[in-house]
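The structure under discussion appears below in the form of structure tokens.
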Amino acid sequence: MTERQKDRPWLMRTYAGHSTAEASNELYRNNLAKGQTGLSVAFDLPTQTGYDPDHILARGEVGRVGVPVSHLGDMRRLFQDIPLEQMNTSMTINATAMWLLAMYQVVAEEQGADITKLQGTTQNDIVKEYLSRGTHVFPPGPSLRLTTDMICYTVNNIPKWNPINICSYHLQEAGATPVQEIAYAMSTAIAVLDSVFASGQIPEDRKGDVVARISFFVNAGVRFIEEMCKMRAFGRIWDKITRERYGIEDAKQRRFRYGVQVNSLGLTEAQPENNVQRIVLEMLAVTLSKDARARAVQLPAWNEALGLPRPWDQQWSLRIQQVLAHESDLLEYEDIFAGSHVIEAKVDTLVEECLAEIDRIQEMGGALAAVESGYLKSQLVSSHAERRARIEAGDEKIVGVNCYQATEPSPLTADLDGAIMTVDPAVEARVVASLKNWRDTRYQPPFNHPRPCKALEKLKEAAKGTGNLMEATLECVRSGVTTGEWSEALREVFGEFRAPTGVSSAPVAVTAEEGTPLALVREKVARTASDLGSGRLRLLVGKPGLDGHSNGAEQIAVRARDAGFEVVYQGIRLTPEQIVSAALAEDVHCVGLSILSGSHAELVPDVLVRLREAGAPDIPVIAGGIIPPADAEELRKAGVAAVFTPKDFGITEIIGRIVDEIRKANKLDPLEVPA
């Protein structure tokens, strides 16, 4: 078979960005030289949540999980020597998506690009941020307005751009079943399209152009058949909604267009070499079926459960895609699952159940109403709790974690601290100094930006009205405004939003009948509370910094509640000062800190220092997250009572160990109650 007859391969990406714009630019150019066909930009948490690097909440987070982009100068450096008119760029950015796209457009204009030819995607799905990733800034209503304005602007001005990537990926990470993943994503799409068409910015005869630019970003887990059927069901439901609800007659405009990141939730810290075959199997679920094949694929690296992947690790993931696309005969055949009665039956079931759940959400008032009521979040917390219970019971097997745990030493992790990339702690100071220099020089030659305060005032006036905010945002970019200044201006008008946690309403997922592990831990909790003379043991679960991945913290909070603790959980995005204040006000017996972003080395010791200064040095502090062994040892030396990482999958056992640390801190004898 000739090359001409083969299908064109999907876009091949690796999700990348770290430290500084300059370092990330070098990484991108190297990846493109290795055959990567599209860019996927990871932004750091301050950029995602609309803070400049010198903001108090940005401390410890700058350049950790992505690249800091604080102003037009950073965006120039990020894409230096990369011709944007020829590039297909995906940007994982949501609350500040309009701001980052505006900077991208201005850099492209400075390169001499025709912006009508720009191709790429901004994630721009704020609903799932309220449910899983936690990088939301504004309340649902204003957030939907920003999304709506940006979609309308791109359809009219950057017609090849995908202005939104409705994102079910993180829903699965937060515990969604396939039915929930499809139904919640489709409900989000309905809310977005309804808003766009109600805005009056799109003529009736261009509704198809809007639908044609809506794309999706999905998760592919290790359950191959179910995941492949999920994608076929996604396509069938999208075709039905766009045809029946919005009257789109052109089948090409109704096509379900999606990119995929295969599942990071299922990657394990134990025997991490097993992650390679997991990644391959998950990739096959979204590539083997031609009629449901992803248009873009990015694969995680084998060591993402350990820390930040190195360039070599990302290269390995890219090569996995290239071998499948170029060495196998996958692209030479029609859909190999067409006509399978097994596949059709599974797809039919998924479609039926998803449509019923979509109808339920519509009866509540739609996706945004279901977010504000807490329904969607509580459903996800419950599903995740049930999954964790199945893993702990051994009903859902994970090789190397709850079965087949005997292992030979892995040469891949012989030097565990060298098996991941670390961000130089000095990077943050350099980025902050660069930001100060930008602010000090933006009025001077060769920049000569108009005063940014004028642009910000115009932005606030526009936000108070009903007009499209993109033009005012572009003026802010050209005026030298920073990410934090743009976001703060909109915060003044729109306010901020703390999403429901879903913890209090989550049902019990693990039974506590006599003799069960949870019953034994409940006995430890009750006896310890009695020994201390307190009504109940109180545990504060805290999320310091900007890391919004709250799934682990929520599961600890739910299980501690079910074990008899009184749980204080205030959600994400807290300063160490706020956490310590809450610990003192609630008179807690233990503080548990959850951080997945890598900022533990700075934020956890800060909590310890503040507790000591407040006269409460005896409250034990435990930490959990993606914490390399060397960092864990340093935290223990600093006074952390216990450190838990992804290999500690038994939540009930963790709760039991928390009770042990409370007893130790209060000089109580250990209990001989097994747990």
Side-chain angles (χ1 to χ4, degrees), residues 131-132 174-177 180 265 374-396 401-402 500-532 534-543 549-572 582-583 586-594 620 622-625 641-642 644 646 648-663 671 673-675:
L131 302 176
S132 52
T177 65
Q180 290 171 330
L265 174 68
Y375 170 77
L376 296 185
K377 183 64 174 178
S378 65
Q379 293 294 105
L380 291 177
V381 171
S382 176
S383 293
H384 200 181
E386 290 169 4
R387 175 181 179 271
R388 292 299 304 243
R390 291 195 301 272
I391 293 171
E392 291 177 57
D395 298 330
E396 186 170 321
V401 174
N402 63 358
T501 67
V503 168
S504 60
S505 56
V508 173
V510 177
T511 58
E513 284 89 0
E514 186 175 351
T516 63
L518 185 59
L520 296 172
V521 171
R522 285 179 67 92
E523 183 181 346
K524 287 180 73 168
V525 170
R527 286 178 59 179
T528 302
S530 176
D531 290 346
L532 291 174
S534 60
R536 295 172 68 187
L537 290 188
R538 290 178 293 281
L539 171 68
L540 184 148
V541 178
K543 291 284 296 177
H549 288 86
S550 56
N551 305 328
E554 290 156 1
Q555 293 307 310
I556 292 291
V558 169
R559 192 69 57 85
R561 176 204 68 185
D562 296 344
F565 272 91
E566 180 181 331
V567 177
V568 179
Y569 177 56
Q570 298 172 324
I572 62 171
E586 300 289 343
D587 192 23
V588 301
H589 297 96
C590 182
V591 173
L593 303 176
S594 170
I622 62 171
F644 300 100
D648 301 299
F649 72 94
I651 300 180
T652 298
E653 180 184 347
I654 291 173
I655 303 303
R657 289 178 61 186
I658 291 172
V659 181
D660 293 339
E661 295 301 334
I662 292 173
R663 295 189 68 85
L671 284 177
V673 177

Kindly say whether Q180 contributes a backbone atom to a donor-acceptor pair with the side chain of T177 at under 3.5 angstrom? yes
Evaluate R663 against D531 for side-chain contact (heavy atoms from CB on, under 4.5 Å), listing each step before the verdict. CA-CA 9 Å; R663 295 189 68 85; D531 290 346; 3.0 Å; yes
With rounding to the nearest 0.5 angstrom, report the CG to CZ distance, L539 to R561. 13.0 Å
May I have the step-by-step check of side-chain contact (heavy atoms from CB on, under 4.5 Å) for S550 and K377, ending in yes or no? CA-CA 11 Å; S550 56; K377 183 64 174 178; 3.8 Å; yes
Scanning both residues in full, the closest heavy-atom pair of S132 with N551 reads O-OD1, 4.5 Å
Looking at every heavy atom in both D648 and R388, which two are closest together, and how far apart are they? O-NH2, 4.4 Å
Does N402 reach the main-chain N or O of A393 with its side chain, forming a donor-acceptor pair under 3.5 Å? no
If you round to the nearest 0.5 Å, how far is OG of S594 from CD1 of I622? 10.0 Å
Roughly how far apart are Y569 OH and E554 CD, rounded to 0.5 Å? 4.5 Å
First locate atom NZ of K524, then atom CG of L537, and finally report the distance between them rounded to the nearest 0.5 Å. 11.0 Å
Please check if the side chain of T528 supplies one atom and the backbone of V525 the other of a donor-acceptor pair under 3.5 Å. no
Rounded to the nearest 0.5 Å, what separation is found between the CD1 atom of I572 and the NZ atom of K543? 8.0 Å
R538 to E586 - nearest heavy-atom pair and separation: NE-O, 3.1 Å
If you look at every heavy atom in P620 and A641, which pair is closest and at what distance? CB-CB, 4.2 Å
Can you see which heavy atom on L518 is nearest to which on A563, and at what distance? CD1-CB, 4.0 Å
I'd like to know if the side chain of R387 and the backbone of A176 have a donor-acceptor N/O pair within less than 3.5 Å. no
CG/D660 to CG/L671 distance, rounded to the nearest 0.5 angstrom? 7.5 Å
Looking at side-chain heavy atoms only, is the closest gap between T652 and T516 below 4.5 Å? no
Set out, in order, the CA-CA distance, both residues' side-chain angles and the distance that settles side-chain contact (heavy atoms from CB on, under 4.5 Å) for H589 and L540, then state yes or no. CA-CA 8 Å; H589 297 96; L540 184 148; over 6 Å; no
Can you check whether S378's main-chain N or O pairs, donor with acceptor, with S382's side chain at less than 3.5 Å? no
Is the closest side-chain heavy-atom distance between F565 and V541 below 4.5 Å? no
Given the rule in the side-chain contact (heavy atoms from CB on, under 4.5 Å) test, do F644 and I556 qualify, once you have shown the distances and angles that lead to the verdict? CA-CA 11 Å; F644 300 100; I556 292 291; over 6 Å; no
List the atom of G515, the atom of L520, and the distance in Å for their closest heavy-atom pair. O-CD1, 4.4 Å
